[in-house]
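See below for the structure under consideration.
Lettering follows sequence order; numbering is per chain, from 1.
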There are 2 protein chains.
Amino acid sequence: MSDAKDIKGNRLDPWLDNYAARAHGLRASETRSLFAVAARPEVVSLAGGMPNLKDLPLDALADATATMLRKDGGRALQYGNGQGLPALREKIPEIMALEGIDADPEDVIITTGSQQAVDIITELFIDPGDVILAEAPTYVGSLSIFATYQAEVQQVTIDADGVIPEALEERIVQLEREGRRIKFFYCLPNFHNPAGVTLSEERRPQVIDICRRHHILIVEDNPYGLLGFEGQTYTALKTLAPNDVVYLGSFSKIFAPGYRVGWAVAPAAVREKMKLASEAAILCPSSMSQYSIAMYLDGFDWRQQITDFRAMYRGRRDAMISALEEFMPECTWNVPDGGFYVWVGLPDGLDAKDMLPRAVTNLVAYVSGTAFYAGGRSGRDHMRLSFCYPEPVEIREGVRRLSEVISRDLELRDLFGPTSSRPDEGIVAPAPDQI
Amino acid sequence: MSDAKDIKGNRLDPWLDNYAARAHGLRASETRSLFAVAARPEVVSLAGGMPNLKDLPLDALADATATMLRKDGGRALQYGNGQGLPALREKIPEIMALEGIDADPEDVIITTGSQQAVDIITELFIDPGDVILAEAPTYVGSLSIFATYQAEVQQVTIDADGVIPEALEERIVQLEREGRRIKFFYCLPNFHNPAGVTLSEERRPQVIDICRRHHILIVEDNPYGLLGFEGQTYTALKTLAPNDVVYLGSFSKIFAPGYRVGWAVAPAAVREKMKLASEAAILCPSSMSQYSIAMYLDGFDWRQQITDFRAMYRGRRDAMISALEEFMPECTWNVPDGGFYVWVGLPDGLDAKDMLPRAVTNLVAYVSGTAFYAGGRSGRDHMRLSFCYPEPVEIREGVRRLSEVISRDLELRDLFGPTSSRPDEGIVAPAPDQI
């Protein structure tokens, strides 16, 4: 640039002065570089939320995909409908019926993973400074979205039965007294990520009642609902209050995430706005992905596949709990009866975030509890361990390695007091392997 | 709801009071319902921007996809990297090299169509009220995005050689004088949608120079650059000013849109922020789509396919121009030398938006020029005719039907004066077939 007046930004980023307010908070987690290391094959990763796909019938999928392309290729390779492929929308209520949910294909909108559904809902409802209620802890990927839209996230205490209704209402009343605009309650009722707990049947109508009385929309994010290890399911909030809930489903955990196909079921007016917002953002979801999923639902025994997944993940859960009992008796944890995650409490004075580099050095990775709190303001006393992806023998070895790190940190604590904490890092975007 | 105090919103949408400011402007075009009618097979659609895929080798693609799934299925069905599949990012510079652009795979980010890239850039740079410069007319899909982020779009006059540099600078100076924050110039330099024109080589460095002097980022959207009918290409703005341009490419027009794969090449710091924003929005682009495109680029003669596409679209352009000469001598138009679109000027007193229902009744569809102006504030005197999708014989018949409607409207005009105009409809989201 030739003119001194034009030298803006800085040498690393000449456009630094041009970003929107929302972009300034958007930066990578400190732990990003660690995860690059953690991706090395010698590291046992208990960090990622990647489903285990080894049991999918790849050969049959390959054949069926070829047949689909020969028959429907002209449409599968073309632009599609903004709301999603009608043939796929027709099938989705069959999946939801497994959890007792009654959905109309007209109210279904297909999204690029349920992540895009959270993004669109947040875009539609959140002005900067508006409040989103969420569980404490909550899904890191949604926290990233909420930060992008400059929401204030208020996280409400949960226990073994999910969010505590009294705590939820108390927080709402307090926020209303402060004149805050509460837009929705983002809730993961089943096999919570990261906490592994499930909202009890008893509390579900209570939560609905509270939100209804305060006119607060509920966003029910349910990627794991069909992965109860005993085949058990729970009454969806959507079933209890169809007009008060935007329900989010996903094929990522019951089939495969690589297609990036999820869906939302919303009250008609909200669904219409979601469709317009999605069309603005991406025109339409991938036709190829949607035809592939419709082909899978039509031609494969997907119900049996879900049953198989349940058994496989139950075995891994068992491996993790056994290993925790064997190697980490000084920690606390819950025993999840579905989903992918165990939420491990550390002994007093240990810090999950500080410990992570030492864990990776010892060839095991996890996600620090801080990732699941807005602004990383809490959670240093917990870590999320995933049992979804590694083999049971790797899970055991990973927990063993982690126990070595914890033992050493305990020795340091006893010698020098609690391990030091770095300052909290503000808004953190998730790496895809932190899902 | 049991309590009077809780009756909010209205009966059609109980959540009406809860939306963000940006959502209130988001509504479907009046013409949406027309397009549902226009999708009927007896209607010749000169409206859509759907590429013609009949010449793609579907059988070979089916076989190759099956082979790819057998070999790479475990990865193609899994979550991937937020920036995109490295093997695909490595290949994209080969495509860009056909237009003389030198790109580093590290600076490439894969997006869900280039539409998502426009969405992310706008998210990163636009605070409500910020100014985006664009051509007059410009791509309807980007206008939808800009409206979602509450940008003020200032459209600058173009002529047969693209945007007029003097008009661009004059507008910038005026806006700066008013203290407005201009964030970027969104530009479609090649085979413009909808205007069909190309920015002349002479003007390209002038545009760069103006934007650089005023520290305005350029967003160069180039989905059609390889579809010059004589194989001609133009110097990319990215080539002239790598650090001042975010370049957008797409597989939708040179291969197939159904995968929803596009890409951006951005200055490093901007690219890093784009990656974080994309991860927040969708975690990662579809692995299945990316493996499929990488497979296509590796195993197929994609350069020859582009050459074939050029010849096919040239034939359709010729069919449309011949038909216009034969049937619509009272109109004006340009003769595009690439891309998908002819921009047709109507005789004085005719209104493209008012005429559309009559055209659809006469079994032909087009897009009113108003779609390509922010807020629909202009463009009633033009229509966009697409020659990409229908067969040449259908193009001729479509133009013939359209000429009947125009003739009747001319008769009405001569009897009663100019056809009446409905009020402008504000923000309009595009239907995917208006691309």
Side-chain angles (χ1 to χ4, degrees), chain A residues 1 6 8 12-15 18-21 23 26 28 50 53 58-59 61-63 65-66 69-70 73-74 76-79 82 112-113 115-116 119 124-127 144-145 148 183 215 217 243 256-260 269-270 273 276-277 279-284 286-289 429 432, chain B residues 6 8 12-15 18-21 23 26 28 50 53 58-59 61-63 65-66 69-70 73-74 76-79 82 112-113 115-116 119 124-127 144-145 148 183 212 215 217 243 256-260 269-270 273 276-277 279-284 286-289 429 432:
Chain A
M1 281 168 270
D6 300 318
K8 297 184 177 173
L12 284 174
D13 187 358
W15 302 104
N18 288 41
Y19 292 117
L26 196 70
M50 296 198 299
L53 305 178
L58 273 190
D59 282 343
L61 282 169
D63 291 338
T65 304
L69 277 173
R70 278 180 230 280
L77 301 185
Q78 190 54 272
Y79 289 112
T112 300
Q115 187 82 8
Q116 194 212 353
D119 186 60
L124 287 178
F125 283 96
I126 299 300
D127 289 309
S144 280
I145 292 171
T148 301
K183 290 300 184 67
H215 197 61
L217 183 70
N243 292 318
Y259 297 103
R260 308 305 299 118
V270 176
K273 280 201 187 289
L276 294 172
E279 284 175 357
I282 60 162
L283 293 177
C284 59
S286 163
S287 301
M288 176 68 188
S289 286
Chain B
D6 299 318
K8 297 184 177 173
L12 284 175
D13 187 358
W15 303 103
N18 286 42
Y19 292 117
L26 196 69
M50 295 198 300
L53 305 178
L58 273 191
D59 281 344
L61 282 169
D63 290 340
T65 303
L69 276 173
R70 278 180 229 282
L77 301 185
Q78 190 53 273
Y79 289 112
T112 300
Q115 186 82 7
Q116 194 212 355
D119 186 60
L124 287 179
F125 282 97
I126 298 301
D127 289 309
S144 279
I145 294 172
T148 301
K183 289 301 184 66
R212 193 177 267 170
H215 197 63
L217 183 71
N243 291 319
Y259 297 104
R260 307 306 300 118
V270 176
K273 280 202 187 288
L276 294 172
E279 284 175 358
I282 61 162
L283 292 178
C284 59
S286 163
S287 301
M288 177 68 187
S289 286

Quiz item: Considering residues at least two apart in sequence or located in another chain, which fulfil the side chain to side chain donor-acceptor pair (under 3.5 Å) criterion with Asn243(B)?
Solution: none
Self-check item: Separation between CE of Met50(A) and OH of Tyr79(B), rounded to the nearest 0.5 Å
Solution: 10.0 Å
Exercise. Would you check if His215(A) and Trp15(B) make a side-chain contact, meaning some heavy-atom pair closer than 4.5 Å?
Key: yes
Quiz prompt | Under 4.5 Å from a heavy atom of chain B, the part of Ala281(A) involved | solution = both
Quiz item: Given that the side chain runs from C-beta out, which part of Asp119(A) has a heavy atom under 4.5 Å from chain B: side chain, backbone, both or neither?
Solution: side chain
Quiz prompt | Side chain / backbone / both / neither for Ala21(B) at chain A, heavy atoms under 4.5 Å | solution = both
Quiz item: Under the 3.5 angstrom rule, does the side chain of Gln78(B) hit a backbone N or O of Leu53(A) as a donor-acceptor pair?
Solution: no
Practice problem: Give, as side chain, backbone, both or neither, the part of Thr112(A) having an atom under 4.5 angstrom from any heavy atom of chain B. | Solution: both
Quiz item: Do Asp127(A) and Tyr19(B) come close enough that some side-chain heavy atom pair is under 4.5 Å?
Solution: no
Practice problem: Side-chain contact test, heavy atoms from C-beta onward, threshold under 4.5 Å: evaluate it for Ser289(A) versus Ser286(B) and give yes or no. | Solution: yes
Quiz item: What's the shortest heavy-atom distance between Leu69(B) and Leu61(A), and which atoms?
Solution: CD1-O, 4.2 Å
Quiz item: Measuring heavy-atom distances to chain B, does Ile282(A) have an atom under 4.5 Å in its side chain, in its backbone, in both, or in neither?
Solution: both
Quiz item: What residues, two or more places apart in sequence or in another chain, satisfy side chain to side chain donor-acceptor pair (under 3.5 Å) together with Asp63(B)?
Solution: Arg70(A)
Quiz item: Between Leu217(B) and chain A, which part of the residue has a heavy atom less than 4.5 Å away: side chain, backbone, both or neither?
Solution: both
Self-check item: Non-hydrogen side-chain atoms of Ser144(B) and Glu279(A) separated by less than 4.5 Å
Solution: no
Self-check item: Smallest separation among heavy atoms of Leu124(B) and Ala23(A), with atom names
Solution: O-CB, 3.3 Å
Quiz item: How about Arg260(B) and Leu283(A): do any of their side-chain heavy atoms sit closer than 4.5 Å?
Solution: yes
Exercise. For the residue pair Leu58(A) and Leu77(B), establish whether any side-chain heavy-atom pair is separated by less than 4.5 Å.
Key: yes
Practice problem: Using a cut-off of under 4.5 Å on heavy-atom pairs, state which of Ala277(A), Gly113(A), Pro257(A), Ser287(A) scores highest against chain B. | Solution: Pro257(A)
